[in-house]
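For reference, the structure discussed in these notes is given below.
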Amino acid sequence: MDDEVGEAYARRAVEYTELFGSMDAVHPLDRQLVATWAGSLHGAILDAGCGPGHWTNFLTELGYSAHGMDLVPAFIERARTAYPGISFRVGNLNAIYLESRTVAGVLAWYSLIHHKPDALRVPLLELSRILSPGGELVIGFFVGHVVEKFDHGVVEAWRWPVSDLCAELVAAGFDVVETHVRTTAGKRPHGAIIARLSNRGGGTHRL
Ligand SMILES: C[S@@+](CC[C@H](N)C(=O)[O-])C[C@H]1O[C@@H](n2cnc3c(N)ncnc32)[C@H](O)[C@@H]1O
């Protein structure tokens with residue numbers, strides 16, 4: 001699955017960057033949500049699945065310590081060129097290279113949408129592992145009435161009801177803090193969830 005997703009984005013990296021690799025392409029409410037969230041954290045932020053790195057740069061320009069990671073080397077090369085003062089590294093959400101409990105926040109903006117539903121627990125547990133106690137995760141995703149696959153354009157992706165994704169987060173050891181949904185004519189419904197590492201103990205692997 002990682003190979004398929006990585007290869008599909010590698011083929012479209014230039015096009016993706018032109019279309020979406022800028023904060024101008026991001027809805028102002030999403031910028032505001034992430035900026036406010038980042039301001040509540042105390043420590044480093046991982047932009048997990050950073051693509052061309054525009055969110056990592058946005059967070060850095062706001063004064064936060066942000067690091068970008070993505071599966072696709074072409075995105076990481078582009079991010080390093082565009083934002084030379086920022087640290088970016090190729091990596092996989094399913095086996096993150098960071099030590100446990102080392103980041104205060106993780107931004108996973110549309111980077112978990114390609115995980116098959118029965119494979120999502122793996123990156124969520126990885127994110128819960130690297131977060132410090134009280135650390136928080138923001139997920140951006142496509143909202144649907146049921147969990148279903150759709151043709152995303154680059155490679156297959158899944159849309160999720162907010163309640164189902166929240167249940168996945170709880171099972172992976174998070175408490176849901178906020179949920180947001182936005183519907184705009186002609187666009188796929190958008191969702192965002194802020195979740196905090198729970199102090200009730202770690203999450204569990206799918207049985
Ligand atoms: C829809 S793009 C979003 C990119 C960026 N976060 C943004 O908002 O423009 C999905 C990104 O997730 C990355 N991605 C998907 N699966 C990944 C994985 N297992 N590990 C790391 N990155 C992954 C892709 O390479 C791609 O850059």
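The first residue of the sequence shown is numbered 1, and numbering continues consecutively from there.
Rounding to the nearest 0.5 angstrom, the gap separating the NE2 atom in H67 from the OG1 atom in T60 is 11.0 Å. A distance of 5.0 Å separates CD1 in I45 from CH2 in W37, rounded to the nearest 0.5 Å. Put simply, CD on E7 and CG on D2 are 10.5 Å apart, with the number rounded to the nearest 0.5 Å. Atom CD1 of I86 sits about 6.5 Å away from atom OG1 of T56, to the nearest 0.5 Å. Atoms CG and CD, on N94 and E126 in that order, are 8.0 Å from each other to the nearest 0.5 Å. Taken from CG in D164 to CG in L169, the straight-line distance is 11.0 Å, to the nearest 0.5 Å.
Annotation for V72 and G6: closest pair CG2-O, 3.6 Å, computed over non-hydrogen atoms. Considering all non-hydrogen atoms of both residues, G49 and S111 come closest at CA-CB, 3.6 Å. Residues G53 and A79 approach most closely at CA-CB, 4.1 Å, considering heavy atoms. Of all the heavy atoms in L59 and A38, the pair that sits closest is CD2-CB, 3.7 Å. Annotation for G140 and I113: closest pair O-CG2, 4.3 Å, computed over non-hydrogen atoms. The minimum heavy-atom distance linking V26 with R31 is given by the pair O-NH2, 3.1 Å.
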- Task: Kindly indicate, with the supporting measurements, whether the criterion side chain to side chain contact (heavy atoms under 4.5 Å, CB included) is fulfilled by T102 and L46.
- Result: CA-CA 10 Å; T102 49; L46 173 67; over 6 Å; no
- Task: May I have the step-by-step check of side chain to side chain contact (heavy atoms under 4.5 Å, CB included) for L33 and I194, ending in yes or no?
- Result: CA-CA 10 Å; L33 177 81; I194 299 181; 4.1 Å; yes
- Item | K116 and E156: CA distance, side-chain angles, deciding distance, side chain to side chain contact (heavy atoms under 4.5 Å, CB included) verdict | CA-CA 9 Å; K116 290 184 170 57; E156 66 182 19; 3.6 Å; yes
- How far apart are the C-alpha atoms of R89 and M69, what are their side-chain angles, what is the distance that settles it, and do they pass the side chain to side chain contact (heavy atoms under 4.5 Å, CB included) test? CA-CA 5 Å; R89 182 168 160 185; M69 176 191 86; 5.6 Å; no
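Ionic pairing of R80 and E77 is not present here: no N-O contact between side-chain nitrogen and carboxylate oxygen is shorter than 4.0 angstrom.
V122 and L125 fall into different hydrophobic clusters, where Ile, Leu, Val, Met, Phe, Trp and Tyr side chains are chained together by heavy-atom contacts under 4.5 Å. No path of Ile, Leu, Val, Met, Phe, Trp and Tyr side chains, each step under 4.5 Å between heavy atoms, connects V177 with L29, placing them in separate hydrophobic clusters. Linking ILVMFWY residues whenever their side-chain heavy atoms come closer than 4.5 Å, directly or via other members, leaves V90 and L93 in distinct clusters. Side-chain heavy atoms closer than 4.5 Å link hydrophobic residues (I, L, V, M, F, W, Y) into clusters, and following such links, possibly through other members, connects V103 to Y97. The hydrophobic clustering, which links ILVMFWY residues whose side-chain heavy atoms are closer than 4.5 Å, places V143 and V176 together.
Ring geometry for F20 against Y16 counts as tilted: the plane angle lies between 30° and 60°, on a 0 to 90° scale. Relative ring orientation between F150 and F142 is described as perpendicular, the plane-to-plane angle rising above 60° on a 0-90° scale split at 30° and 60°. Between W109 and H190, the ring planes lie tilted relative to each other; the angle falls in the 30° to 60° range. Classified by interplanar angle (parallel below 30°, tilted 30° to 60°, perpendicular above 60°), the ring pair H152/Y9 is tilted.
Contact annotation: the side chain of V34 approaches that of W55 to within less than 4.5 Å [non-hydrogen atoms, C-beta and beyond]. Between M23 and N57 there is no side-chain heavy-atom pair separated by less than 4.5 Å. P52 has its side chain out of reach of D70: every pair of non-hydrogen atoms, C-beta onward, lies at least 4.5 Å apart. Proximity of L127 to I130: side-chain heavy atoms (C-beta onward) are separated by under 4.5 Å at one or more points. Contact check for F88 versus Y83: side-chain heavy atoms found under the 4.5 Å cut-off. Contact of the D47 side chain with the F58 side chain is not registered, since no non-hydrogen atoms from C-beta on lie closer than 4.5 Å. At a threshold of 4.5 Å between non-hydrogen side-chain atoms, the residues P133 and L197 do not count as touching. Considering only heavy atoms from C-beta on, W160 stays 4.5 Å or farther from H145 through its side chain.
In this structure a side-chain-to-backbone donor-acceptor pair under 3.5 Å is present from R12 to G153. Remark: side-chain polar atoms of R129 are paired, donor with acceptor, to backbone N or O of L98 under 3.5 angstrom. Although no hydrogens or angles enter the test, the distance criterion places a donor-acceptor pair under 3.5 Å between the side chain of R101 and the main chain of L131.
Within 6.0 Å of CZ in R196 there are 12 or fewer heavy atoms belonging to other residues, nucleotides or ligands.
If you check the side chains of D30 and H180, you find no donor sitting under 3.5 Å from an acceptor.
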